[in-house]
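No experiment lies behind these values; they were computed from the predicted model shown. Whatever order the structure lists ligands and atoms in, that order sets their numbers, starting from 1.
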Amino acid sequence: MLHLIGPFTQILPLTDLPTRGSIADDELVIVENGGIVVEDGKVVEVGNFTTLREKYESATVQVVGQAMVALPGLIDAHTHICFAGSRAMDFAARNAGKSYLEIAAAGGGIWSTVQHTRAASEEKLAKLTRKRLDVLLRRGITTVEIKSGYGLSVEQELKQLRAIQKAGQGHVVDVVSTCLAAHMKPRDFDGEAEAYLEHILQDLVPIVEAEQLAQRFDIFIEQSAFTPDQAISYLTKLKERGFTLTVHGDQFTVGGSAVAVECGALSVDHLEVSGEEEAALLAQSDTIPVVLPGATIGLGCPWGKARLMLDAGCALAIASDWNPGSAPQGNLIAQAGQLAAFEKLSTAEVFAGLTERAARALGFSDRGTLGGGQIADIVAFPTTDYREILYQQGSLGPSQVWKAGAPQL
Ligand code: NIG
Ligand code: FE
């Protein structure tokens with residue numbers, strides 16, 4: 001059954017953009033008065049609405065009621081939205097002069113969210129996560145990655161991963177689950193960091209595998225978490241078992257991106273302190289650098305090195321990092337609009353980083369553009385000029401979102 005959706009004032013299919021490096025706005029294909037033909041949830045063709053109406057005579061037509069700009073559905077490739085509790089006190093403490101690492105060392109930070117998350121039932125966590133998925137959908141996100149990492153024991157990580165699975169089941173937004181049991185060594189683990197990672201490999205990974213709770217693993221490489229050597233050993237074993245990898249790296253100290261490249265991770269995320277060396281390394285690899293402007297805004301830290309990565313020839317992705325500690329705001333378009341202003345990114349670079357390049361950071365090739373055969377995930381903003389979307393820095397929300405061709409709002 002063919003459906004024709006439109007007419008949109010502008011459609012940006014984001015097809016045929018360079019797969020890596022910088023992109024100028026004049027490289028964007030803009031289809032004016034456009035339509036999108038969909039069949040079985042997939043894009044058949046994007047083109048002029050009137051032409052498509054004549055070409056696909058049998059198609060049912062969904063006329064959109066107002067001026068809109070359509071993009072591929074947004075992909076948030078890095079979040080921690082399965083959590084309980086608040087860290088408003090961390091925010092206030094940081095703003096009173098305490099550093100993120102000082103707060104963590106004093107028993108706040110990630111560990112305090114672990115306490116709240118451990119105290120919540122699986123059902124409660126699934127409910128909280130589902131509510132956040134609803135928020136994301138209204139903001140135009142059609143695929144999201146969600147990490148565990150606030151359980152930090154076999155039983156509690158399983159509870160969190162099962163809650164993520166439950167939240168995703170039957171929800172419109174596609175959920176990619178990532179096991180971040182290596183977020184930090186839990187304070188109640190009796191042993192060194194290496195022993196904790198070994199325990200995860202021995203006792204958690206087989207259950208994650210058997211229950212298919214996650215295909216991806218993540219590790220936080222930082223002074224407060226794990227060293228590059230510990231990470232290499234952990235990630236290598238996971239890779240041998242067939243998992244895909246991602247890394248939290250170069251947030252406060254460098255080291256994470258080199259590990260990510262060495263281990264063939266799909267992405268390395270943060271990059272606030274990366275330099276020329278890290279950018280060159282990433283540019284020669286297939287590891288996607290992901291910057292997280294929400295953590296910059298939440299912590300008052302430097303921005304991830306987006307311009308540097310693009311100029312070096314990397315395929316940059318942008319994600320929200322939505323979490324209760326470093327990135328409580330969670331509004332990806334608002335963050336991307338601010339990142340663009342500070343890092344001097346073109347609209348094309350930002351849109352690619354929220355769609356096709358973000359899809360690759362998650363290992364997807366079936367979404368991220370409105371090319372033929374792609375899943376018909378579409379977000380439309382109530383404006384006549386695509387540049388308004390970032391210019392309004394989050395004030396302009398989507399007026400409609402389609403998941404696999406079906407309207408959602
Ligand atoms: O991506 N950097 C490590 N992990 C998270 C923070 C999680 C938290 O503070 O609760 C991040 O910023
Ligand atoms: Fe994160």
Suppose the cut-off is 2.8 Å; which protein N/O/S atoms would you list for the Fe ion (ligand 2)? H78 NE2, H80 NE2, H248 NE2, D321 OD1

Between OG1 of T236 and CD of E262, what distance do you get to the nearest 0.5 Å? 7.0 Å

Examine the proximity of ligand 1 to E222 and report which part, side chain or backbone, both or neither, has a heavy atom under 4.0 Å away. neither

Could you see which bit of S326 sits under 4.0 Å from ligand 1, with heavy atoms only: side chain, backbone, both or neither? both

Here's a test for you: under side chain to side chain donor-acceptor pair (under 3.5 Å), which of H80, H183, R87 qualifies with T113? R87

R360/D286 salt bridge by N-O under 4.0 Å criterion: no

Check for me whether R367 meets the cation-pi criterion with F364, that is, NZ or CZ under 6.0 Å from the six-membered ring centre and within 45 degrees of the ring axis. yes

R87 heavy atoms, cut-off 4.0 Å: which ligand 1 atoms fall inside? 8 (C), 9 (O), 10 (O)

What atoms of ligand 1 come closer than 4.0 angstrom to any heavy atom of H78? 1 (O)

Tell me whether T113 has any N or O atom under 3.5 angstrom from an N or O of ligand 1. no

Those atoms of ligand 1 less than 4.0 Å from some heavy atom in H183: 3 (C), 4 (N), 5 (C), 7 (C)

Basic-acidic side-chain contact under 4.0 Å: E343, K305: no

Numbered in order shown, the ligand 1 atoms found under 4.0 Å of a heavy atom of I110 are 7 (C), 8 (C), 9 (O), 10 (O)

R357 with E349: basic N within carboxylate O range, under 4.0 Å: no

Side chains of K159 and Q156: donor-acceptor distance under 3.5 Å anywhere? yes

Using the ring of F83 (Phe, Tyr or Trp, six-membered ring only), decide whether R132 places NZ or CZ under 6.0 Å from its centre and within 45 degrees of its axis. yes

Would you mind running through ligand 1 and noting each atom that sits below 4.0 Å from a heavy atom of Y150? 7 (C), 8 (C), 10 (O)

Which one holds for F83 and ligand 1: side chain close, backbone close, both close, or neither close, with close meaning a heavy atom under 4.0 Å? neither

Hey, is R307 close enough to D311 for a salt bridge, meaning N to O under 4.0 Å? yes

Do you know the tightest heavy-atom contact between Q400 and Q408? OE1-N, 3.3 Å

